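Written below as structure tokens is the structure these notes are about.
If you're wondering where the values come from, they're calculated on a predicted model, not measured in any experiment. Below, chain A is the first sequence line, B the second, and so on; all start at residue 1.
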Number of protein chains: 2
Amino acid sequence: MTQGTQGKGATTSTLWDRTRRLATQEILQTALRLFTQQGYDETTIAQIAREAGVSQRTLFRYFGTKEDLIGGSEEQFVTLLTETVRKQPADAGAWEALRAAFKAALSLHTSPEQALERFRLVHHTDSLRAAYLGKRVRCQEQLLPVLEARLAPSGMDRGQARAIVATAFACFDAATATWLEGNGQGDILDLYDQGLAAVRG
Amino acid sequence: MTQGTQGKGATTSTLWDRTRRLATQEILQTALRLFTQQGYDETTIAQIAREAGVSQRTLFRYFGTKEDLIGGSEEQFVTLLTETVRKQPADAGAWEALRAAFKAALSLHTSPEQALERFRLVHHTDSLRAAYLGKRVRCQEQLLPVLEARLAPSGMDRGQARAIVATAFACFDAATATWLEGNGQGDILDLYDQGLAAVRG
DNA sequence: AACAAGTTTGGCAGGCACTGCCAGATGGGC
DNA sequence: GCCCATCTGGCAGTGCCTGCCAAACTTGTT
């Protein structure tokens, strides 16, 4: 609805878009800084807005909720996951496709340190964790139809496909939890493989 | 903290406790009725309190949050699950123990119709679902140490145990989702078995 | 360079969940 | 019947979030 005549231009040159991008980054950085400094619940929207130099009203226009100030948008995440799965070779099974999707998702983080910091924050804050889990199940639901095609040849019904997707995400979560417990030691994907091996063994 | 000199008496005779129990039921019923009638988000605490005949302040003393007005307390749930697992015979594997725990949890519902209604409500309301998922992972975490003993002989480490517990819960959730999709057709535990079979190949 | 049109912003009022505080009502033990 | 412990209700206040409207700004045109 915003820019209709943009075609596929690489650098969106309009001043509005640039300012918007800057403000987004500024807000996001400020929020993350304050959250890690004094805790999520102890940080108010008013404070973030003040220190980021925008009004509360504008902040809420950029990010719908306080929880959104943590991670990339859910939409972006869903797109990445579904596209990655879709791009997998036709002969790849559902498990491989899901693994590839997780790998792609993990590569979004700029550094393991930042990932650790973020995971820790989400993991230790009830409201944040709940919000994350909500996004997670919505991702699962979006992924289900994409994977059903890959599972139909094996004679799997919808319910079983759902169980497989849910299991993959569960093992991914378990892997990040274990990774977190070890303060970022090792590779999340390795932990994921080990967990899945224990389950499917 | 409330009654200390109660020992293990069956009928708590104090008037206070009886009134308290009555009020709890009244509030719970009113809330569930209003939620199903007009939706969770469209129902305010003020309305529930008014129709249940208590003040908002008292309602919040009985139930800490609006989400708590839906299901049994998290504590009760955790206790049931852990106790059930603990009571399983020593030679039962982790998977059987978890299955038994889910079976026990399912038997808490008074009727499949009520269970369906409740599940539907939780499933369709974002905030409720997020709260439920939060409780769920906390249950997982409490269950982990109980199951670790059962898994140690197989040479499973903590991370793998976590993956197994997470997978069981994931398949349980997938089963309820499928059950919900079929409007309560079939048995949740059967769906759980089918899902787990698909996962464990 | 000024103008018209569309978009974004900020401030205000308000709703809702939730909490701390304090006075008043109520049940329990003597 | 009395005192103490507990519970209740109302009030004010915080924090997240939304709708609304006027002011400021960007853009394309003349």
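In this structure, A:Y62 reaches the C:dT9 phosphate: one of its side-chain N or O atoms is under 4.0 Å from OP1 or OP2. Regarding contacts with the backbone of C:dG10, a side-chain N or O of A:S55 is found under 4.0 angstrom from either OP1 or OP2.
When the side-chain hydrogen bond (donor to acceptor under 3.5 Å, both in side chains) test is applied to A:Q140, the partners found at least two apart in sequence or on another chain are A:R136. For the salt bridge (Lys or Arg N to Asp or Glu O under 4.0 Å) test, no residue two or more places apart in sequence or in another chain qualifies with A:D41.
In this structure, B:D41 atom CG and C:dA17 atom C1' are separated by 12 Å, rounded to whole Å. Atom CZ in B:R20 sits roughly 18 Å away from atom P in C:dT26 (whole-Å rounding). Nucleotide C:dA17 holds its P atom 14 Å from the CG atom of B:D68, rounded to whole Å. If you take CD of A:Q47 and P of D:dT14, they are 16 Å apart, rounded to a whole angstrom. Here the P atom of nucleotide D:dC16 and the CG atom of A:L69 are 10 Å apart, to the nearest Å. The distance from atom CG of B:L22 to atom P of D:dC7 is 16 Å, rounded to the nearest whole Å. The distance between atom CD of A:E42 and atom C1' of C:dT19, rounded to the nearest whole Å, is 15 Å. Taking atom CG of residue B:L59 and atom P of nucleotide C:dC16, one finds them 15 Å apart after rounding to whole Å.
For the residue pair B:Y192/B:D173, the side-chain donor-acceptor check at 3.5 Å is not satisfied.
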Donor-acceptor pairs under 3.5 Å, side chain of residues 53-61 of chain B to any protein atom, not counting sequence neighbours: which ones?
residue: B:S55; atom: OG; partner: B:T58; partner atom: N; Å: 3.1
residue: B:S55; atom: OG; partner: B:T58; partner atom: OG1; Å: 3.0

Can you give the donor-acceptor pairs under 3.5 Å from side chains of residues 160-171 of chain B to other protein atoms, not counting sequence neighbours?
residue: B:Q160; atom: OE1; partner: B:D157; partner atom: N; Å: 3.3
residue: B:Q160; atom: NE2; partner: A:Q194; partner atom: O; Å: 3.2
residue: B:R162; atom: NE; partner: A:T178; partner atom: OG1; Å: 3.0
residue: B:R162; atom: NH2; partner: A:E181; partner atom: OE1; Å: 2.9
residue: B:R162; atom: NH2; partner: A:E181; partner atom: OE2; Å: 3.4
residue: B:T167; atom: OG1; partner: B:A163; partner atom: O; Å: 2.7

With a 3.5 Å cut-off and sequence neighbours excluded, list the donor-acceptor pairs that the side chains of residues 100-112 of chain B form with protein atoms.
residue: B:S107; atom: OG; partner: B:A104; partner atom: O; Å: 2.6
residue: B:T110; atom: OG1; partner: B:Q114; partner atom: OE1; Å: 2.2
residue: B:S111; atom: OG; partner: B:E113; partner atom: OE1; Å: 3.4
residue: B:S111; atom: OG; partner: B:Q114; partner atom: N; Å: 3.1

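The salt bridge (charged side-chain N to carboxylate O under 4.0 Å, His left out) analysis of residues 191-201 of chain B, with sequence neighbours excluded, yields the pairs B:R99-B:D193. The stretch residues 42-56 of chain B participates, sequence neighbours left out, in these salt bridge (charged side-chain N to carboxylate O under 4.0 Å, His left out) pairs: B:R33-B:E51. Residue pairs meeting the ring-ring contact (aromatic ring centres under 6.0 Å, His included) criterion with at least one partner in residues 24-55 of chain B, sequence neighbours excluded, are B:F35-B:Y40. Residues in residues 62-81 of chain B take part in these salt bridge (charged side-chain N to carboxylate O under 4.0 Å, His left out) pairs, two or more places apart or across chains: B:D68-B:K135, B:E74-B:R138.
Nucleic acid contact for A:S127: none, since no nucleic acid atom lies under 4.0 Å from a heavy atom of the residue.
Residues of residues 29-40 of chain A that place a heavy atom closer than 4.0 Å to DNA chain C do not occur. Residues from residues 131-138 of chain B that place a heavy atom under 4.0 Å from any atom of DNA chain C: there are none.
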Nucleotides 17-26 of chain D: protein proximity per nucleotide (B base, S sugar-phosphate only, - neither; heavy atom, under 4.0 Å): BBBB-----S
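Salt-bridge check for A:E117 with A:R120: failed, with every basic side-chain N at 4.0 Å or more from each acidic carboxylate O.
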